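All values below come from the heavy atoms of this structure, side chains included, with hydrogens, waters and symmetry mates left out. Computed from a prediction, not measured in an experiment: that's the story for all the values here. Lettering of chains follows the sequences in order, A, B, ..., and the numbering in each one begins at 1.
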2 protein chains.
Amino acid sequence: MSDQNATDDGRPGGSLAHRVPDLGALELLLAVARLGSLGAAAREVGITQPAASSRIRSMERQLGVALVDRSPRGSRLTDAGALVTDWARRVVEAAAAFDAGARALRDRRDSRLRVAASMTIAEYLLPGWLLALHAARPDTAVSLLAGNSAKVAELLLAGEADLGFVEGLTVPAGLDSAVIAHDRLIVVTAPGHPWARRRRPVTTQELAATPLILRERGSGTRQVLDTALGGLARPLIELSSTTAVKASAVSGAGPSVLSELAVGEELAMRRLVGIPVEGLSLHRDLRAVWPTGHRPTGPARELLSLTRG
Amino acid sequence: MSDQNATDDGRPGGSLAHRVPDLGALELLLAVARLGSLGAAAREVGITQPAASSRIRSMERQLGVALVDRSPRGSRLTDAGALVTDWARRVVEAAAAFDAGARALRDRRDSRLRVAASMTIAEYLLPGWLLALHAARPDTAVSLLAGNSAKVAELLLAGEADLGFVEGLTVPAGLDSAVIAHDRLIVVTAPGHPWARRRRPVTTQELAATPLILRERGSGTRQVLDTALGGLARPLIELSSTTAVKASAVSGAGPSVLSELAVGEELAMRRLVGIPVEGLSLHRDLRAVWPTGHRPTGPARELLSLTRG
DNA sequence: TCAGGGCATAAGCTGGTCTTATGAGCGACC
DNA sequence: GGTCGCTCATAAGACCAGCTTATGCCCTGA
């Protein structure tokens with residue numbers, strides 16, 4: 001049980017969970033950074049001071065880095081501690097988004113705002129919106145149902161959802177809509193791919209002629225791409241989830257075309273590289289939708305206003 | 001100990017750590033999603049099948065949502081499970097970045113590549129680069145030292161670092177450099193601010209006339225802004241860390257000007273809104289630097305090539 | 001019909017994290 | 001100068017989550 005298990009996505013052995021402090025410890029660290037005292041941080045997260053002291057200490061031992069300078073009149077972060085705290089904040093924020101999403105997924109019934117959203121939006125945008133809504137109206141219980149555009153329309157028309165979100169080129173019949181954001185499809189490759197190194201943009205013709213890793217025909221993403229290329233997209237592999245497509249692209253199987261929402265993280269981490277394409281606008285609107293005539297009111301209106309730039 | 005502690009950044013009470021499964025559970029869920037079987041996932045993360053079964057079950061109980069469909073010939077994610085898994089992936093990725101950073105911070109000496117970086121780069125970009133480097137060259141031990149531009153230059157010239165990264169308008173004397181990326185400063189406000197609602201862009205004059213939440217004079221960010229405005233930036237508050245500035249802006253204290261690197265997450269979560277500004281280019285280069293004449297070789301060259309688009 | 005892979009359950013162990021109780025350093029204030 | 005109030009550290013014991021091993025049932029394919 002040393003580190004004989006290297007996962008196939010290239011991470012080091014020994015499982016992250018054994019090398020990264022747990023969420024409670026990271027939250028405690030953030031509280032210490034903000035409040036300048038172990039005891040005050042302990043009170044905030046609802047534990048005793050000795051527990052906080054011990055937890056911070058074991059986190060320092062685990063990371064092998066001194067994080068806080070203790071003194072009889074308080075504790076301040078070391079330089080390394082400040083850096084670690086910033087990294088920790090990202091983990092905690094991702095966890096908060098997870099929590100907001102999971103909460104909405106759980107509270108299926110009896111919630112004041114029932115949202116139906118397409119997968120891409122539910123995956124990448126909704127948790128953030130829910131966090132913002134929660135910050136503005138802490139007592140609004142939200143429930144979430146995810147599906148494709150047709151399913152969203154069905155739920156709205158059956159009165160089983162109050163507000164919907166869809167991406168795509170058309171608005172389902174019977175629904176009014178408002179554009180809330182724009183999404184762009186991006187051509188991406190692994191950093192090792194020849195396209196990642198060339199200087200001039202790829203041409204539309206080249207893109208149409210190159211086999212690509214794609215979602216299945218009929219998916220929103222594929223639809224936009226096919227339309228933009230004139231139905232010519234040539235699949236290298238067809239996969240049924242955005243995640244699978246990304247994984248395949250990251251592993252270097254070939255170029256892919258994905259929503260900028262989906263690849264933001266990968267681009268930042270340089271697991272994927274965006275390839276400029278000449279003269280091609282792979283653009284789609286993200287829309288909020290509701291039954292014709294029933295303008296959103298109350299919490300639905302609140303959420304809607306949060307989503308508009 | 002119910003939920004009488006609402007933290008001042010608006011998160012719900014009861015501590016995330018009690019509502020979000022720990023990293024080990026999330027990793028396990030990702031493995032189940034990828035491998036399609038609890039047993040196989042258990043083997044991958046190095047535990048027994050009953051442990052995996054129990055852990056997934058307790059995660060489902062905790063979240064109140066069924067995540068996997070078990071069958072005598074394997075397990076598949078439910079629809080909700082797929083969504084949860086995608087959210088979980090973000091948490092795990094943030095944790096992986098944390099780990100990569102912490103690792104580099106620990107291995108001060110005896111590492112094959114010693115990197116010195118300015119705070120902004122160390123905070124936002126370096127963990128991703130380190131992950132990419134680790135994927136490409138798993139056995140390269142990297143150490144990290146963070147400081148301002150002068151400190152980076154000093155470390156490089158003293159031979160205590162092999163490669164540096166700085167942001168700012170000038171390159172320290174004695175160093176060669178290559179531009180690896182561009183950073184833009186963005187004017188941001190909380191979503192409730194009047195600027196977030198207006199249609200026409202803010203003018204340079206308006207910006208110069210408005211008190212802003214800013215880093216202290218002398219910081220890289222402030223330097224670029226002052227230069228762009230002609231030394232006119234008017235501070236509403238001056239704070240000494242990017243984090244503090246962000247927190248203040250999010251809480252609605254006023255408009256701020258921050259690196260797009262720093263506010264990416266906040267923009268996505270809609271805790272902040274980007275405000276277009278007319279006729280102002282708040283642009284700065286991010287550079288890799290090394291002692292004049294000593295072109296990076298070996299691991300340093302490898303890392304450098306990963307950072308260039 | 002039997003082997004094998006899948007999952008679930010039960011019993012027992014271990015380790016990490018909490019608590020309470022206490023001590024010790026430093027500063028402010030009467 | 002004592003005393004209060006804040007800080008953090010240490011020690012001893014309770015508790016619980018998660019692990020392991022052992023076992024059984026279900027389904028499929030040879």
Completion exercise
Contacts satisfying side chain to side chain donor-acceptor pair (under 3.5 Å) that involve residues 56-68 of chain B (not counting sequence neighbours) are B/Glu60-B/Arg70
How many whole angstroms separate atom [atom1] of [X] from atom [atom2] of [N]?
X: B/Ile47; N: D/dA17; atom1: CD1; atom2: C1'; result: 13 Å
X: A/Leu28; N: C/dT17; atom1: CG; atom2: C1'; result: 12 Å
X: B/Leu67; N: C/dC7; atom1: CG; atom2: P; result: 15 Å
X: B/Met59; N: D/dC19; atom1: CE; atom2: P; result: 11 Å
X: B/Ile56; N: C/dA8; atom1: CD1; atom2: P; result: 10 Å
X: A/Glu27; N: C/dT17; atom1: CD; atom2: C1'; result: 16 Å

With sequence neighbours left out, write down each residue that passes side chain to side chain donor-acceptor pair (under 3.5 Å) with [X], or none if nothing qualifies.
X: B/Ser37; answer: none
X: A/Ser75; answer: none
X: B/Arg137; answer: B/Glu302
X: A/Glu154; answer: none

Please list, one pair per line, the donor and acceptor atoms closer than 3.5 Å that link side chains of residues 245-253 of chain B to other protein atoms, with sequence neighbours excluded.
from, atom 1, to, atom 2, distance (Å)
B/Lys246, NZ, B/Tyr124, OH, 3.4
B/Lys246, NZ, B/Ala262, O, 2.8
B/Ser251, OG, B/Ser248, O, 2.8

Problem - B/Thr48: partners by side chain to side chain contact (heavy atoms under 4.5 Å, CB included), with sequence neighbours left out - result: B/Pro50, B/Ala51
Exercise for the section: Spell out, as yes or no, whether a donor-acceptor pair under 3.5 Å connects the side chain of A/Gln49 to the backbone of A/Ala42. Expected result: no
Fill in the blank from the handout: Letter by letter from the 5' end, nucleotides 3-10 of chain D scores (B base, S sugar-phosphate only, - none; protein heavy atoms under 4.0 Å) ----SBBB
Practice task
Sugar-phosphate means primed atoms, P, OP1 and OP2; the rest is base. With that split, encode nucleotides 11-16 of chain C 5' to 3' as B, S or - using protein heavy atoms under 4.0 Å.
Solution key: ------
